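Structure, as structure tokens:
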Amino acid sequence: QPLQPSLFWYYMLELSFYWSLVFTLPFDVKRKDFKEQIVHHAATIFLISFSYCANYIRIGTLVMVIHDASDCFLEPTKIFNYMKWKKTCDSLFMIFSAVFLISRLVIYPYTVLYNTYYYSMEIFQPFFGYYFVNALLIILQLLHVFWSCLIIHMVYKFILQGTMEKDMRSDTEESDKDEEREKITEKEKNGITYFSNVTSNGYIQRNGSEPLDNRAHLANGHAKQR
């Protein structure tokens with residue numbers, strides 16, 4: 001299969017993108033699907049590299065396009081979620097869910113897996129690349145089913161509650177934990193300040209002195225009596 005310059009750069013961009021995800025994994029927020037992400041990135045890098053070296057350009061670009069179709073809506077959804085634009089975020093999330101479920105559970109198995117697993121056997125005899133590629137593609141499909149269950153659960157909650165919940169992949173993100181810690185610290189500071197004010201007022205009263213407000217009232221009353 002001839003390799004066009006546009007496809008070459010498409011391969012290089014995709015490969016560099018997934019390598020960057022691998023390098024940034026230790027610094028990202030740890031979620032429940034951390035291990036699944038590692039498996040996904042490893043399988044994707046092997047598939048991109050092997051399809052390029054074995055000159056499986058058509059099937060390689062088809063797999064990448066199917067995966068990129070839903071990612072185009074996922075990243076803006078994250079941006080608007082961090083910006084607290086709830087309505088825009090919810091709308092994009094519903095579009096992303098529909099594109100993800102259709103592309104990963106319908107188009108991917110019927111156009112990619114069928115051709116690589118069944119149709120290719122009618123043309124070629126089984127060899128190492130056949131088993132290797134299909135094993136990685138099936139791993140991707142299992143990950144698609146896993147993430148689809150999480151997305152369907154979030155869509156179900158969205159239909160019931162009318163708003164999108166937090167990411168189902170984690171109970172509490174690290175950013176949320178930092179905000180909770182800051183709130184707890186502020187409450188503790190306020191509690192210490194309030195306690196110190198109460199104890200200082202009590203100390204003044206025990207020494208026979210009056211608070212400043214009471215002194216002002218007494219002074220005004222004494223002036224009125226005079």
Side-chain angles (χ1 to χ4, degrees), residues 1-79 92-93 95-152 169:
Q1 298 173 5
L3 178 62
Q4 299 177 3
S6 58
L7 296 181
F8 168 78
W9 287 111
Y10 185 38
Y11 259 83
M12 293 300 104
L13 288 173
E14 289 284 338
L15 187 60
S16 60
F17 171 71
Y18 282 103
W19 270 115
S20 68
L21 293 181
V22 172
F23 291 140
T24 56
L25 268 178
F27 310 102
D28 290 340
V29 177
K30 301 297 185 301
R31 297 188 173 92
K32 292 179 180 179
D33 64 341
F34 181 74
K35 295 180 181 179
E36 286 80 4
Q37 287 186 14
I38 296 177
V39 174
H40 175 269
H41 298 339
T44 303
I45 289 173
F46 276 115
L47 277 173
I48 293 175
S49 302
F50 184 81
S51 64
Y52 180 82
C53 295
N55 201 23
Y56 291 164
I57 305 301
R58 292 182 180 178
I59 195 67
T61 52
L62 181 60
V63 172
M64 291 189 294
V65 167
I66 290 175
H67 283 74
D68 292 338
S70 59
D71 291 341
C72 294
F73 298 98
L74 176 62
E75 303 304 328
T77 303
K78 293 180 180 179
I79 293 174
L92 286 175
F93 174 74
I95 298 175
F96 159 76
S97 301
V99 175
F100 184 94
L101 296 176
I102 294 174
S103 62
R104 307 290 179 95
L105 299 183
V106 179
I107 298 176
Y108 178 80
Y110 284 99
T111 59
V112 176
L113 292 181
Y114 177 79
N115 286 286
T116 58
Y117 191 79
Y118 291 105
Y119 182 70
S120 62
M121 292 292 292
E122 299 178 0
I123 304 175
F124 304 103
Q125 294 297 321
F127 62 105
F128 170 76
Y130 170 81
Y131 297 106
F132 183 72
V133 169
N134 281 286
L136 293 178
L137 292 175
I138 291 174
I139 290 174
L140 287 183
Q141 182 59 30
L142 294 176
L143 293 173
H144 296 165
V145 174
F146 170 75
W147 281 315
S148 296
C149 293
L150 298 180
I151 292 174
I152 292 173
R169 297 176 297 169

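What you see is a predicted model, and the numbers here were worked out from it, not measured in a lab. Index from 1, following the sequence.
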Results of side chain to side chain donor-acceptor pair (under 3.5 Å) for [X] - residues two or more places apart only:
X: Tyr108; answer: none
X: Tyr11; answer: Ser51
X: His40; answer: none

Inset, instruction - Applying side chain to side chain contact (heavy atoms under 4.5 Å, CB included), run through Glu14 and Thr44 and close with a yes or a no. - result: CA-CA 9 Å; Glu14 289 284 338; Thr44 303; over 6 Å; no
Inset, instruction - Applying side chain to side chain contact (heavy atoms under 4.5 Å, CB included) between Ile59 and each of Val112, Thr111, Leu47, report the one that passes. - result: Val112
If you compare all heavy atoms of [X] against all heavy atoms of [Y], which two are closest, and at what distance to 0.1 Å?
X: Phe73; Y: Val99; answer: CE1-CG2, 3.9 Å
X: Leu113; Y: Ile138; answer: CD2-N, 4.3 Å
X: Tyr130; Y: Tyr117; answer: OH-O, 2.8 Å
X: Ile66; Y: Ser103; answer: CG2-O, 3.4 Å
X: Phe146; Y: Glu36; answer: CE2-CG, 3.9 Å
X: Pro109; Y: Arg104; answer: CD-O, 3.5 Å

Euclidean distance, [Y] [atom2] relative to [X] [atom1], rounded to 0.5 Å:
X: Thr61; Y: Tyr56; atom1: OG1; atom2: OH; result: 14.0 Å
X: Ile102; Y: Ser70; atom1: CD1; atom2: OG; result: 11.0 Å
X: Leu13; Y: Met64; atom1: CG; atom2: CE; result: 9.5 Å
X: Ile151; Y: His144; atom1: CD1; atom2: NE2; result: 10.0 Å
X: Tyr18; Y: Phe46; atom1: OH; atom2: CZ; result: 15.5 Å
X: Leu25; Y: Phe23; atom1: CG; atom2: CZ; result: 10.5 Å

Partners passing side-chain contact (heavy atoms from CB on, under 4.5 Å) against [X] (at least two apart in sequence or in another chain):
X: Leu3; value: Leu7, Phe8, Tyr52, Ile57
X: Leu74; value: Asp71, Lys78, Phe96
X: Val39; value: Ile139, Leu143

Within a strict 4.5 Å, meaning less than it, do heavy atoms of the [X] and [Y] side chains meet?
X: Ile38; Y: Phe34; answer: yes
X: Phe17; Y: Ile48; answer: no
X: Ile95; Y: Thr77; answer: no
X: Leu140; Y: Leu136; answer: no

Inset, instruction - Take atom CZ of Phe50 as the centre, draw a 6.0 Å sphere, and report whether it contains more than 12 heavy atoms from other residues, nucleotides or ligands. - result: yes
